[in-house]
There are 2 protein chains.
Amino acid sequence: MQKEIKVAIIEDEHEIRQLMTLIIDGSPGYSCKQSFDNCEDALLNLAADPPDVVLMDIDLPGISGIEGVRKLKEKMPGTDFLMLTVQDDDESIFNSVCVGATGYLLKDTPPAEILKAVEDVNKGGSPMSASIARRIVSSFKAENSTSLSEREIEILRHLCNGENYKVIAEKLHISGHTVRSHFKNIYKKLQVSTKAEAVKKAINERII
Amino acid sequence: MQKEIKVAIIEDEHEIRQLMTLIIDGSPGYSCKQSFDNCEDALLNLAADPPDVVLMDIDLPGISGIEGVRKLKEKMPGTDFLMLTVQDDDESIFNSVCVGATGYLLKDTPPAEILKAVEDVNKGGSPMSASIARRIVSSFKAENSTSLSEREIEILRHLCNGENYKVIAEKLHISGHTVRSHFKNIYKKLQVSTKAEAVKKAINERII
DNA sequence: TATAGAATACCGCATATGGGTGATTGAAGC
DNA sequence: GCTTCAATCACCCATATGCGGTATTCTATA
């Protein structure tokens with residue numbers, strides 16, 4: 001058997017924290033010697049003996065779990081963070097993974113699956129509750145069908161590289177006037193009126 | 001028990017296809033009455049009786065599995081696609097989820113887990129092999145270290161909404177001059193020189 | 001306490017940009 | 001043969017933008 005997986009818990013509700021601690025510490029292959037009811041204490045004490053995996057709640061008094069991951073991750077880059085929360089809104093999910101959480105479980109996850117998730121994280125995976133995974137995967141899906149012509153997409157691509165009309169015109173061997181005409185049509189089709197919006201839309205809708 | 005989950009397989013290797021068909025069709029709660037060794041045939045026949053889940057290989061003769069998902073998804077928007085492939089490069093993974101695959105398994109996944117994944121997909125999840133999930137989650141992680149101040153990030157956010165200096169100034173109750181000063185600093189820090197580039201960088205590096 | 005950085009504010013200048021309008025050409029489709 | 005549309009080019013005008021400066025205030029933090 002491999003080395004025991006060292007787990008820490010940050011969770012403000014005593015009952016849940018104690019229950020989780022008991023479950024983890026009582027399971028062979030896992031240990032949980034550190035638990036906190038807020039991020040501030042964790043920030044002061046956790047880095048002294050970094051765990052392999054941290055189970056992190058989001059709705060905490062003081063520093064939120066998301067902010068906590070960001071700060072703790074700096075001190076313990078080798079530790080994986082697994083969110084364990086009731087929050088299932090997009091903002092919480094995406095902010096969590098953006099700051100470095102490697103997994104995201106909802107609190108209705110049965111204990112056996114939480115243990116499996118901890119092991120999974122430790123092995124290099126990213127366990128997520130089914131609905132969370134779906135949302136993350138869906139976020140990649142292209143919302144196709146913007147009726148931009150080939151040429152317009154080409155120009156949009158140049159725009160995204162920060163090139164101005166003149167440069168684009170030179171690269172495409174057309175006049176600046178033409179580039180501007182294309183831009184006007186692109187703006188109309190994308191329903192925007194500035195370069196900034198066009199770039200945003202181009203990236204978010206994966207046109208480019 | 002719920003309705004049987006109807007599964008279809010698209011996989012060019014006969015042995016694997018037959019084996020998978022047998023495993024799925026032989027498992028209670030699952031049926032597999034349709035299997036193809038290429039996307040072309042699937043495109044002609046599958047939509048007549050859309051399955052719940054399609055297990056899709058990527059490396060196929062003719063139309064690739066990724067292109068196949070894109071085309072089939074148009075015809076059968078209610079069907080979920082689960083990639084089952086040896087390809088574990090970033091391009092395959094991200095292209096798959098971008099065209100609409102809802103799960104991604106590597107071929108070394110044991111049959112029991114494949115069955116579980118099919119069920120998971122059908123329930124609204126997005127099963128992924130551990131290393132795949134990690135890669136997708138990691139793709140969100142902000143490569144921090146853009147030392148933008150809070151205020152600068154706030155201004156960048158407004159920029160991404162297509163607002164110009166004047167509008168941003170009004171919204172933040174500061175003068176246009178100040179907004180422009182902030183922009184200068186933002187450009188310096190991001191090493192860009194236009195709004196378009198700034199927006200691109202802001203989105204790609206998830207600063208906003 | 002000294003220093004750095006953040007946020008604020010201002011000036012001037014050359015150029016880029018967005019809006020409006022209009023025209024020609026060639027290929028695709030009816 | 002006619003229509004439509006993408007692609008090309010053109011002009012006018014008001015404003016926005018990027019770049020070069022300079023300066024004050026406040027707050028961390030070394």
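Here is how names work: the chains are called A, B, and so on, in the same order as the sequence lines, proteins then strands, and each is numbered from 1.
- Rounded to an integer number of Å, the gap from A:Asn164 CG to C:dA14 P is 18 Å.
- Picking from D:dA7, C:dA9, C:dA6 the nucleotide with the shortest atom distance to the side chain of B:Ser175 gives C:dA9.
- When rounded to the nearest whole Å, the span between CD1 of B:Ile153 and P of C:dA7 equals 9 Å.
- Here D:dA6 presents its P atom at 12 Å from CD1 of A:Ile186, a figure rounded to the nearest Å.
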Q | Residue pair A:Asp37, A:Glu11: steps toward the side-chain contact (heavy atoms from CB on, under 4.5 Å) verdict | A | CA-CA 5 Å; A:Asp37 63 3; A:Glu11 158 68 59; over 6 Å; no
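- Across all strands shown, A:Ser181 has heavy atoms under 4.0 Å from base atoms, whether or not it also approaches the sugar-phosphate.
- Nucleotide C:dT8 holds its C1' atom 10 Å from the CD1 atom of B:Ile155, rounded to whole Å.
- Taking the side chain of A:Ser149 as heavy atoms from C-beta on, and the options C:dT8, C:dA16, D:dA7, the nearest nucleotide is D:dA7.
- The listed nucleotides are C:dA6, D:dT8, D:dA7; the one nearest the side chain of A:Glu152 is D:dA7.
- Summarising the geometry, the separation between CD on B:Glu150 and P on C:dA7 is reported as 8 Å, rounded to the nearest angstrom.
- A:Phe183 comes within 4.0 angstrom of no nucleic acid atom, judged by non-hydrogen atoms across all strands.
- For A:Arg151 and D:dA6, the CZ to C1' distance is 11 Å, given to the nearest whole Å.
- Within the 4.0 angstrom heavy-atom criterion, only backbone atoms of the sugar-phosphate kind lie near A:Ser193; the bases stay farther away.
- For B:Tyr187, the listed nucleotide lying nearest its side chain is D:dC19; candidates were D:dC19, C:dA16, C:dA7.
- Atom P of nucleotide C:dG20 and atom CG of A:Asn185 are separated by 13 Å, given to the nearest angstrom.
- Side-chain polar atoms of A:His158 and A:Glu163 form a donor-acceptor pair below 3.5 angstrom.
- Each of A:Lys184 and A:Glu163 has a nearest nucleotide on DNA chain C; the 5'-most of these lies closest to A:Glu163.
- Note on B:Thr178: a base of the nucleic acid sits closer than 4.0 angstrom, heavy atoms only.
- A side-chain donor from one of A:Thr178 and A:Ser175 sits under 3.5 Å from a side-chain acceptor of the other.
- A 4.5 Å side-chain heavy-atom check between B:Ile93 and B:Ile136 finds at least one atom pair inside the cut-off.
- With distances taken from any side-chain atom of B:Tyr165 to the nucleotides D:dT8, D:dG18, C:dT8, the minimum falls on D:dG18.
- Looking at the side chain of B:Lys166, the nearest of the listed nucleotides D:dC9, C:dA7, D:dA16 is D:dA16.
- In summary, B:Lys200 and B:Glu197 do not engage in a salt bridge, as defined by a charged side-chain N under 4.0 Å from a carboxylate O.
- One interatomic measurement links the two molecules: NE2 of A:His177 to P of D:dC9, which rounds to 9 Å at whole-angstrom precision.
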